[in-house]
Amino acid sequence: PGACHAQVNFSDPVGVDNCIGATTVQVGGYASGSYINVSETVVNLFNTSDAVGLWASCSFFVNVTDIEAPTFTCPANMTVPCDAGVCTAVVPYTLPSVLDNCI
């Protein structure tokens, strides 16, 4: 709450192969534990290769969304008389204030 980012944690994918020696590396995106800003979409990309150079890849998206609604502070209701000699009135009031965690 109150933040415009999130810490994203995930388990790194692990590639497997029918022969010993497959290695998996992250080649794109953020590492697990990184802070990612609201509205930023990240593609995490991992590659796995084996001893003879064959490879496969996997990817997944991370999208951080803002789930906190803005808040409004409005002036109180008012009842005022018309100004003298006219059917209108000049009414001073404080403008509403808006707060949002992600402005």
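Numbers here are sequence positions counted from 1. Bear in mind the structure is a predicted one, so any value in this text is a computation, not a measurement.
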Verify, without hydrogens or angle tests, whether Asp83 (side chain) and Val90 (backbone) share a donor-acceptor contact under 3.5 angstrom.
yes

Any sub-3.5 Å donor-acceptor pair from Thr24's side-chain atoms to Gly15's backbone N or O?
yes

Could you state the interatomic distance from CD (Glu68) to SG (Cys4), rounded to the nearest 0.5 Å?
8.0 Å

Look at the aromatic rings of Phe10 and Phe46 and report parallel, tilted or perpendicular, splitting at 30° and 60°.
perpendicular

Where His5 and Asn37 come nearest, the two heavy atoms and their spacing:
CB-OD1, 3.8 Å

Quick one: does Asn44's side chain have a donor or acceptor within less than 3.5 Å of a partner on Tyr30's backbone?
yes

To the nearest 0.5 Å, what is the distance between CG (Asp100) and CG (Asp66)?
5.5 Å

Looking only at heavy atoms, what is the nearest atom pair of Thr94 and Pro75, with distance?
O-CG, 3.3 Å

At their closest point, which heavy atom of Val42 faces which heavy atom of Gly29, and how far apart are they?
CG1-CA, 3.9 Å

Could you tell me whether a side-chain N or O of Gln7 sits under 3.5 Å from a main-chain N or O of Gly33, the two making a donor and an acceptor?
yes

Going through the checks in order, is the disulfide bond (SG atoms under 2.5 Å apart) test met by Cys82 and Cys87?
CA-CA 5 Å; Cys82 290; Cys87 293; 5.4 Å; no

To the nearest 0.5 Å, atom CG of Leu54 lies from atom CG of Asn18 at 9.0 Å

State, to 0.1 Å, how close Val62 and Ile36 come at their nearest heavy-atom pair, and which atoms those are.
CG1-CD1, 3.8 Å

Treat each ILVMFWY residue as a node, draw an edge where side-chain heavy atoms are under 4.5 Å apart, and state whether Val64 and Val43 are in one component.
no

Under the side chain to side chain contact (heavy atoms under 4.5 Å, CB included) rule, what do Ile67 and Thr65 come out as? Steps first, then yes or no, please.
CA-CA 6 Å; Ile67 59 171; Thr65 57; 4.0 Å; yes

Under 3.5 Å: donor-acceptor pair, side chain of Gln26, backbone of Leu45
no

Donor-acceptor contact present, side-chain Asn101 to main-chain Ala3, <3.5 Å
yes

Between Pro81 and Ala89, the two heavy atoms sitting closest are O-CB, 3.4 Å

For Trp55 and Thr48, what are the C-alpha separation, side-chain angles and deciding distance, and is it a side chain to side chain contact (heavy atoms under 4.5 Å, CB included)?
CA-CA 5 Å; Trp55 63 277; Thr48 295; over 6 Å; no

Quick one: closest heavy-atom pair of Ala22 and Asp17, and the distance?
CB-CB, 3.7 Å

So do the side chains of Ser34 and Val8 get within less than 4.5 Å of each other, counting heavy atoms only?
no

Nearest 0.5 Å, please: how far is OG in Ser32 from CG in Asn9?
4.5 Å

